**Q** 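Quick one: structure below, then a few questions.
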Amino acid sequence: MKLVRFGPQGSERPGLIDTQGCLRDLGAVLPDIGPEQLGDAVLDSVRRLNWDRLPKVGGAPRLGCPVARVGKFIAIGLNYADHAQEAKLPVPTEPVVFMKATSCLQGPSDPVMLPKGSLKTDWEVELGVVIGARARHVAIKDALHHVAGYCLVNDLSERAFQLERGGTWDKGKGCDTFGPVGPWLVTRDELTHPQRLKLWLDVNGQPMQRGRTQTMIFSVAKLVSYVSQFMTLLPGDLITTGTPPGVGMGRQPPVFLKPGDTLTLGIEGLGEQRQVIVPFKR
Ligand code: ZN
């Protein structure tokens with residue numbers, strides 16, 4: 001099942017994409033798609049509805065982040081060996097965990113704004129994992145039962161803020177607009193092979209990132225289990241699982257984003273995003 005939130009920023013309505021690819025309004029059925037709706041019981045009840053009776057939504061409304069009120073936006077660093085190499089950082093022996101500010105979340109095709117003083121804004125196509133059931137010290141073999149579904153994430157990063165300004169990476173990861181998510185939340189019953197997906201990202205139509213989730217160092221199940229040893233994962237938490245090679249800082253010479261650039265990216269089964277880069281505005 002492909003769930004969406006559509007409409008103007010801040011007043012999105014819940015919806016789903018039916019088997020014909022039509023957007024249908026779930027507003028009469030669910031208040032929203034957020035932590036309270038991500039458990040198996042509610043998702044099963046939506047699955048059982050007669051979708052033909054749900055109102056069709058015309059046109060092509062803006063899509064928002066497909067999950068409302070994300071509590072934690074957790075990110076995994078250097079989870080593809082070939083990306084660690086291009087970043088000139090050692091392949092980690094344990095997952096690198098950092099946080100992205102939830103205030104950076106936005107829809108899949110909203111513009112991306114360069115932060116004030118940006119020198120090195122960069123892209124990262126990633127597989128996102130949305131938690132559906134509380135997870136605390138869960139075993140790897142049980143971990144995917146705690147997942148509601150998957151989504152496409154662009155983990156935008158300001159490399160100078162991330163790597164040259166001291167301390168942890170978080171300063172370069174949570175700038176406003178640095179967390180496009182969507183178009184869809186694809187429930188886990190529909191995406192049964194999270195470790196067999198192609199990922200891609202182009203800048204101005206030029207291929208930059210090409211990867212496969214097969215080459216992750218730590219699998220989705222391992223990451224959910226691992227993070228749950230350090231913090232309780234709650235419904236609506238989002239974990240973005242690291243990026244394959246091809247980021248701007250890894251190129252010779254490095255390439256960073258400037259106003260007017262266009263990013264297009266996608267993951268097999270999870271849809272596509274398109275973002276125009278715009279200058280900082282207060
Ligand atoms: Zn990342």
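Worth saying up front: this structure is predicted, and the values here are computed from it rather than measured. Just follow the structure's listing: the first ligand is 1, and inside any ligand the first atom is 1.
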**Q** Between the Zn ion (ligand 1) and E124, which N, O or S atom of the residue is the nearest one?
**A**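 It is OE1, the N, O or S atom of E124 closest to the Zn ion (ligand 1).
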**Q** Can you name the one residue among K171, R159, K120 that meets side chain to side chain donor-acceptor pair (under 3.5 Å) with E164?
**A**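 So, applying the side chain to side chain donor-acceptor pair (under 3.5 Å) to E164 and each of K171, R159, K120, only K120 qualifies.
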**Q** With a 3.5 Å distance limit and no angle check, can you tell me whether D32 reaches the backbone of G34 through a side-chain donor-acceptor pair?
**A** no
**Q** Could you tell me whether the side chains of Q275 and S109 share a donor-acceptor contact shorter than 3.5 Å?
**A** no
**Q** Looking at E126, which of its N, O or S atoms is the nearest one to the Zn ion (ligand 1)?
**A**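 It is OE2 of E126.
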**Q** Between CZ of F73 and OG1 of T102, what distance do you get to the nearest 0.5 Å?
**A** 9.5 Å
**Q** Write the atom name of the N, O or S atom in D155 that is nearest the Zn ion (ligand 1).
**A**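 Going by distance to the Zn ion (ligand 1), the closest N, O or S atom in D155 is OD2.
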